[in-house]
**Student:** 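Structure incoming, see below.
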Amino acid sequence: MARLVMKFGGTSVADIDRIRNVARHVKREVDAGHEVAVIVSAMAGKTNELVAWAREAAPLHDAREYDAVVASGEQVTAGLLAIILEGMGVNARSWQGWQLPILTSDAHGAARIEDVNGEELVRRFRERKEVAVIAGFQGVHKTTGRITTLGRGGSDTSAVAIAAAIHADRCDIYTDVDGVYTTDPRVEPRARRLDKIAFEEMLEMASLGAKVMQVRSIELGMVHNVRIFVRSSFDRPEDIDPMSNHPPGTLICDESEIMEQQVVTGIAFSKDEAQISIRHVPDKPGVAAAIFGPLAEANINVDMIVQNISADGSTTDLTFTVPSVDYERANVVLKKSKEQIGYASLDGSTDVAKVSVIGIGMRSHAGVAAQAFKALAEQKINIRAITTSEIKFSLLIDAVRTDSAVRTLHTLYGLDK
Ligand code: ADP
Ligand code: ASP
Ligand code: MG
């Protein structure tokens, strides 16, 4: 007998038929004798609809009420799945975040889980053989008692947090792909499924744009050493042997469990970046602080930064990226500080994309990035900015060239199947 967390994303619970299919996956594990906690997302498209309603009601709304609205999608699917499970003769009940409770910070819209009480779930596994169906994405603030949400894609994080709290043997993430691929299979059909990927690599992949797992869920998995297994919800439940150790999927695990480490593991991309260039900035101490201080105060995250050494020793250009949702705000902040910074002009673009190459093997291999520069140059893809770290490098390019850059790099590093 094992204790399992099973998480199902939006496409997997998109309508009642699919929820029935999910229920059959759950029943399979229950029949095999396992203790099961299920985490569900809202039906596909539901959260987008709720977000749009909140914006339509008032573009600048109270974040606490935003959370009250958008958390409702998960409440519906949790209830529906519990009803269907009961109808199949499986003992089940639904739980909302506040009922467990899942305690979070008060950063409404992007709250962090601080504590999860799993005791009642475990007691019910033992005493009633009851399946817990838990609404993902939501929690409750520990002192105000108000409903919070964990940021888009947050049900992954709910699942890993519950797995840690109940000491689950495994946290299965059922989604619309059968694992983590070398890059988004929607962009590169030749992408390959990875059998295993190290936490650190998955963390980079997720932060750099691969939305298959929410970043925070991987951080939690790493800290609590939760075995996360990404697999497809579209396989027929009856075709899967619950006792088999090798269903198709990707295990996200500790680096030490991976025998054959490639130099490059995967490629991620993000179109949610915007570039800002500040021209003719005085080249003197304190200027970077004058630029990035006000942006930080406005809660705008700056990512890639490129500064030229000035030729004449007096002024230089500075280019950096911000999330594209913050582009307008960043411009306003910088215009306000124009005199303090003392630049000549400001320009920028939201038509840019960041393409990143990730692999633990880069720690011990030199020249990996240099190969990319050459290959992209041959495709006439211009690189606007570069950043590197121990296990990844990122390139800023024109957004229209994203797919072409991803495919070029995928082939270059031998990732095509
Ligand atoms: P869910 O609704 O189940 O949470 P998501 O839409 O959040 O599912 O995540 C799954 C999607 O992530 C896939 O459909 C795929 O297009 C995308 N994706 C991006 N990068 C990758 C990758 N490297 N491997 C697998 N899927 C990826
Ligand atoms: N329903 C939420 C979203 O669409 C959470 C999730 O699906 O993980 O972001
Ligand atoms: Mg998701």
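Remember, it's 1-based here, ligands and their atoms both numbered in the order they're listed. Hydrogens, waters and symmetry mates are skipped; everything else that's a heavy atom, side chains included, is used. None of these values were measured; they are calculated from a predicted model.
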**Student:** With a 4.0 Å cut-off on heavy atoms, does Met205 reach ligand 1?
**Tutor:**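 Contact present.
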**Student:** So, 4.0 Å and heavy atoms of Gly136: is ligand 2 close enough to count as a contact?
**Tutor:**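 Checking ligand 2 against Gly136, which is what was asked, there is no heavy-atom contact under 4.0 Å.
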**Student:** Looking only at protein heavy atoms, identify the closest one to atom 2 (O) of ligand 1 and say how far it is in Å.
**Tutor:**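 In this structure, atom 2 (O) of ligand 1 has Gly10 N, 3.1 Å as its nearest protein heavy atom.
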**Student:** Output the list of atoms in ligand 1 that are nearer than 4.0 Å to some heavy atom of Val180, sorted by atom number.
**Tutor:**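 Near Val180, meaning under 4.0 Å from one of its heavy atoms, ligand 1 has 24 (N).
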**Student:** What I'd like to find out is whether the side chain of Val187 reaches to under 4.5 Å of the side chain of Phe269, using heavy atoms alone.
**Tutor:**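 Yes, side chains in contact.
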**Student:** Short N/O distance, under 3.5 Å, between Thr182 and ligand 1?
**Tutor:**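 No; the residue has no nitrogen or oxygen that sits under 3.5 Å from a nitrogen or oxygen of the ligand.
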**Student:** What residue and heavy atom of the protein are closest to atom 4 (O) of ligand 1, and at what distance?
**Tutor:**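 I find the closest protein heavy atom is Lys7 NZ, 3.2 Å.
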**Student:** Is it the side chain, the backbone, both or neither of Lys211 that has a heavy atom closer than 4.0 Å to ligand 1?
**Tutor:**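 Looking at Lys211 and ligand 1, atoms from backbone and side chain both fall under 4.0 Å.
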**Student:** Output yes when a side-chain donor or acceptor of His25 lies under 3.5 Å from a complementary backbone atom of Asp235, and no otherwise.
**Tutor:**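 Yes, the answer is positive, given that a donor and an acceptor are paired below the 3.5 Å cut-off.
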**Student:** Got a salt bridge between Asp398 and Arg401, using NZ or NE/NH1/NH2 to carboxylate O under 4.0 Å?
**Tutor:**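 Looking at Arg401 together with Asp398, the answer is no, because their closest N to O distance does not fall below 4.0 Å.
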**Student:** Could you check Ser349 against Asp351 for side chain to side chain donor-acceptor pair (under 3.5 Å), going step by step and ending with a plain yes or no?
**Tutor:** CA-CA 5 Å; Ser349 166; Asp351 293 328; 4.6 Å; no
**Student:** Counting only heavy atoms, which portion of Arg192 has something under 4.0 Å from ligand 1: side chain, backbone, both, or neither?
**Tutor:**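 Neither part.
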**Student:** Mind running salt bridge (charged side-chain N to carboxylate O under 4.0 Å, His left out) on Asp169 and Arg3 for me, showing each step along the way?
**Tutor:** CA-CA 5 Å; Asp169 296 289; Arg3 184 174 292 164; over 6 Å; no
**Student:** With atoms numbered from 1 as shown, which atoms in ligand 1 lie under 4.0 angstrom from a non-hydrogen atom of Ala210?
**Tutor:**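 Atoms satisfying the 4.0 Å criterion: 20 (N).
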**Student:** Can you tell me if His410 and Arg407 form a side-chain donor-acceptor pair at under 3.5 Å?
**Tutor:**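 His410 vs Arg407: no donor-acceptor pair found between side chains.
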**Student:** Mind checking whether Lys46 has a heavy atom under 4.0 Å from ligand 2?
**Tutor:**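 Flag not set, Lys46 not near ligand 2.
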**Student:** Do any nitrogen or oxygen atoms of Thr47 come within less than 3.5 Å of a nitrogen or oxygen of ligand 2?
**Tutor:**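 The answer is yes, given that Thr47 and ligand 2 share an N or O pair closer than 3.5 Å.
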**Student:** For residues 193-209, please give each side-chain donor-acceptor pair under 3.5 Å, one per line with the distance, not counting sequence neighbours.
**Tutor:**
unit_1: Arg193; atom_1: NH1; unit_2: Asp178; atom_2: OD2; d: 3.1
unit_1: Lys196; atom_1: NZ; unit_2: Glu257; atom_2: O; d: 3.2
unit_1: Glu200; atom_1: OE1; unit_2: Arg363; atom_2: NH2; d: 3.2
unit_1: Glu200; atom_1: OE2; unit_2: Arg363; atom_2: NH2; d: 3.3
unit_1: Glu201; atom_1: OE1; unit_2: Ala198; atom_2: N; d: 3.3
unit_1: Glu201; atom_1: OE2; unit_2: Gln261; atom_2: NE2; d: 3.1
unit_1: Glu201; atom_1: OE2; unit_2: Thr265; atom_2: OG1; d: 2.5
unit_1: Glu201; atom_1: OE2; unit_2: Ile360; atom_2: N; d: 3.0
unit_1: Ser207; atom_1: OG; unit_2: Leu203; atom_2: O; d: 2.4

**Student:** Among Ile267, Asp184, Ile358, whose heavy atom sits nearest atom 21 (C) of ligand 1?
**Tutor:**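 Comparing heavy atoms across Ile267, Asp184, Ile358, the nearest one to atom 21 (C) of ligand 1 lies in Asp184.
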**Student:** Can you pull out the closest protein heavy atom to atom 11 (C) of ligand 1? Residue, atom name and distance to 0.1 Å, please.
**Tutor:**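 For this ligand atom, the closest protein heavy atom is Asp176 OD1, 3.9 Å.
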**Student:** If we ignore angles and hydrogens, is there a donor and acceptor under 3.5 Å between the side chains of Thr148 and Asp67?
**Tutor:**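 No donor-acceptor contact under 3.5 Å links the two side chains.
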**Student:** Is any side-chain heavy atom of Val212 less than 4.5 Å from a side-chain heavy atom of Ile173?
**Tutor:**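 They are not in contact (no side-chain heavy atoms under 4.5 Å apart), so the answer is no.
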**Student:** Can you pull out the closest protein heavy atom to atom 4 (O) of ligand 2? Residue, atom name and distance to 0.1 Å, please.
**Tutor:**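 Of the protein heavy atoms, Arg152 NH2, 2.9 Å lies nearest.
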**Student:** For Ser217 and Asp156, does a side-chain donor sit closer than 3.5 Å to a side-chain acceptor?
**Tutor:**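 On atom types as modelled, these side chains do not qualify, holding no pair under 3.5 Å.
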**Student:** How far is atom 25 (C) of ligand 1 from its nearest protein heavy atom, and which residue and atom is that?
**Tutor:**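 Checking every protein heavy atom, the shortest distance to atom 25 (C) of ligand 1 gives Gly179 O, 3.4 Å.
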**Student:** Just distances here: any N/O of Ser12 and N/O of ligand 1 closer than 3.5 Å?
**Tutor:**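 Among all N and O atoms of Ser12, none is under 3.5 Å from an N or O of ligand 1.
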**Student:** Would you mind running through ligand 1 and noting each atom that sits below 4.0 Å from a heavy atom of Val177?
**Tutor:**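 Matching atoms, with element in brackets: 13 (C), 25 (C), 26 (N).
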**Student:** Can you tell me which residue and heavy atom of the protein come closest to atom 14 (O) of ligand 1, and the distance to 0.1 Å?
**Tutor:**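 Looking only at protein heavy atoms, the one closest to atom 14 (O) of ligand 1 is Arg186 NH2, 2.5 Å.
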**Student:** Do Gln262 side-chain atoms and Val264 backbone N/O form a donor-acceptor pair below 3.5 Å?
**Tutor:**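 Between the backbone of Val264 and the side chain of Gln262 there is no qualifying donor-acceptor contact (under 3.5 Å).
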**Student:** Does the Asn21 side chain pair with the main chain of Ser233, one donor and one acceptor, at a distance under 3.5 Å?
**Tutor:**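 Checking the backbone N and O of Ser233 against the side chain of Asn21, a donor-acceptor pair under 3.5 Å is found.
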**Student:** Stepwise, does the side-chain contact (heavy atoms from CB on, under 4.5 Å) test hold for Met43 with Ile19?
**Tutor:** CA-CA 9 Å; Met43 291 169 156; Ile19 299 178; 4.0 Å; yes
**Student:** Considering non-hydrogen atoms of the protein only, which is the closest contact for atom 3 (O) of ligand 1, and what is the distance?
**Tutor:**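 The protein heavy atom lying closest is Thr175 OG1, 2.7 Å.
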**Student:** For Gly153, is at least one N or O under 3.5 Å away from an N or O on ligand 2?
**Tutor:**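 Checking ligand 2 against Gly153, an N or O pair does fall under 3.5 Å apart.
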**Student:** Do Asp176 and Arg18 meet the salt-bridge criterion of a basic N to acidic O distance under 4.0 Å?
**Tutor:**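 No.
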**Student:** Any nitrogen or oxygen of Pro185, side chain or backbone, less than 3.5 Å from one on ligand 1?
**Tutor:**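 By distance alone, the answer is no.
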**Student:** Any idea which protein heavy atom is nearest atom 23 (N) of ligand 1, and the distance to it?
**Tutor:**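 The closest heavy atom on the protein side is Tyr181 O, 3.0 Å.
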**Student:** Heavy atom under 4.0 Å from ligand 2: found in Glu74's side chain, backbone, both, or neither?
**Tutor:**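 For Glu74, only side-chain atoms sit under 4.0 Å from ligand 2.
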**Student:** Judging by distance only, is a nitrogen or oxygen of Asp156 under 3.5 angstrom from one on ligand 1?
**Tutor:**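 It does not: no N or O of Asp156 is found under 3.5 Å from an N or O of ligand 1.
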**Student:** What residue and heavy atom of the protein are closest to atom 7 (O) of ligand 2, and at what distance?
**Tutor:**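 Checking every protein heavy atom, the shortest distance to atom 7 (O) of ligand 2 gives Ser41 OG, 3.1 Å.
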**Student:** Identify which of Ile173, Asp178, Val212, Thr183 has a heavy atom lying nearest to atom 9 (O) of ligand 1.
**Tutor:**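 The nearest heavy atom belongs to Val212.
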**Student:** Report, as yes or no, whether the 6.0 Å neighbourhood of atom CZ on Arg279 holds more than 12 heavy atoms from other residues, nucleotides or ligands.
**Tutor:**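 Atom CZ in Arg279 is packed in, count exceeds 12.
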